[in-house]
Each structure stands twice: as C-alpha cells, then as structure tokens.
Amino acid sequence: QECLAIRGAVEDDLWDDVTRAEDEEMPFPLEAVLEPSLLATLDELVEESTDARIRPLLEELPSGTRYEQVALYLRRKRKDV
C-alpha cells in the first residue's frame, strides 16, 4: 500500500505490474506482494493439490482477497511442482 501511495497508483496497476513480471519470469518473492497471513491460509487450503481452482478458493479466503493474488499463488505453486 505504501508503494502505491508513493507512486500515486491504484491496486490494479500493481497487479498489472506483478502479472507482467511473472509472465516475463522476473524473480520476486511472493512475500513482496502477498501478506504472510494470506500465504499461510493459501498453504493450508491448497496443501499439495496442483489442480485447485481460483473461484472456490476465493470463497474460503478473507474478504478483499483478489483473484490476481490467488492466481499468482497457484501459478507459483504449479511451477514449483
């Protein structure tokens, strides 16, 4: 949030940049864009599954969790398998 305020950007801009960086395989830690509590919850919900779906996961996650956050997490998890 601080970075967005400094840049005068909106959250959609951030996720456009994050998605572009992931597409271009530019390394960055998930912790840079996802809260530790969200990562822990996603780890619990997904466990070892690589076929988890985004929309059902969103229903289990805290209000305000973005589709892009879950998509990024799952993309990285599938890459690591």
Side-chain angles (χ1 to χ4, degrees):
Q1 296 298 341
E2 290 176 42
C3 182
L4 291 175
I6 291 167
R7 290 178 54 198
V10 294
E11 199 165 359
D12 288 340
D13 294 336
L14 168 71
W15 288 104
D16 288 345
D17 291 346
V18 167
T19 300
R20 189 175 310 109
E22 186 71 12
D23 288 345
E24 294 175 7
E25 298 184 12
M26 297 172 64
F28 62 91
L30 282 178
E31 295 82 4
V33 292
L34 300 178
E35 293 289 329
S37 60
L38 179 58
L39 283 171
T41 303
L42 283 165
D43 285 341
E44 272 183 39
L45 291 172
V46 175
E47 294 179 17
E48 298 301 316
S49 174
T50 56
D51 63 349
R53 300 284 180 246
I54 296 170
R55 298 251 182 243
L57 283 173
L58 280 170
E59 294 173 9
E60 305 272 337
L61 293 166
S63 175
T65 302
R66 293 179 61 106
Y67 182 96
E68 295 90 345
Q69 292 172 303
V70 179
L72 174 63
Y73 174 86
L74 290 175
R75 186 171 177 180
R76 283 283 181 93
K77 183 161 183 65
R78 290 172 182 145
K79 226 187 255 187
D80 291 344
V81 172

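Both backbone and side-chain heavy atoms feed into the values below; hydrogens, waters and symmetry mates do not.
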Trainee: Please name the pair of heavy atoms, one in A52 and one in L74, separated by the smallest distance, quoted to 0.1 Å.
Mentor: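 Residues A52 and L74, closest heavy atoms: O-CD1, 3.8 Å.
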Trainee: Find the distance between CG (L14) and CZ (R66) and round it off to the nearest 0.5 Å.
Mentor: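 Nearest 0.5 Å value for the CG-CZ distance: 8.0 Å.
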Trainee: Going hydrophobic residue to hydrophobic residue with side-chain gaps under 4.5 angstrom, can you get from F28 over to L42?
Mentor: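 In one cluster with F28: L42, yes.
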Trainee: For R55, what residues pass the salt bridge (Lys or Arg N to Asp or Glu O under 4.0 Å) criterion, not counting sequence neighbours?
Mentor: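 Salt bridge (Lys or Arg N to Asp or Glu O under 4.0 Å) check on R55 returns nothing, list empty.
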Trainee: State which residues pass side-chain contact (heavy atoms from CB on, under 4.5 Å) with T65; sequence neighbours excluded, sorted by chain then number.
Mentor: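 Partners of T65 under the side-chain contact (heavy atoms from CB on, under 4.5 Å) test: L38, L58, L61, P62, Q69, V70.
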Trainee: Is there side-chain contact between T41 and E44, with heavy atoms separated by less than 4.5 Å?
Mentor: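 Not touching, per the 4.5 Å side-chain cut-off.
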Trainee: Is any side-chain heavy atom of Y73 less than 4.5 Å from a side-chain heavy atom of L57?
Mentor: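 When only atoms from C-beta onward are counted, L57 and Y73 do not touch, as no gap falls below 4.5 Å.
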Trainee: Apply the test side chain to side chain contact (heavy atoms under 4.5 Å, CB included) to residues T19 and L72: give CA-CA distance (whole Å), side-chain angles for both, the deciding distance (0.1 Å), then the verdict.
Mentor: CA-CA 8 Å; T19 300; L72 174 63; over 6 Å; no
Trainee: Would you list the pairs meeting salt bridge (charged side-chain N to carboxylate O under 4.0 Å, His left out) in which at least one residue belongs to residues 22-31, sequence neighbours left out?
Mentor: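 Salt bridge (charged side-chain N to carboxylate O under 4.0 Å, His left out) check on residues 22-31 returns E22-R76, E22-K79, D23-R75.
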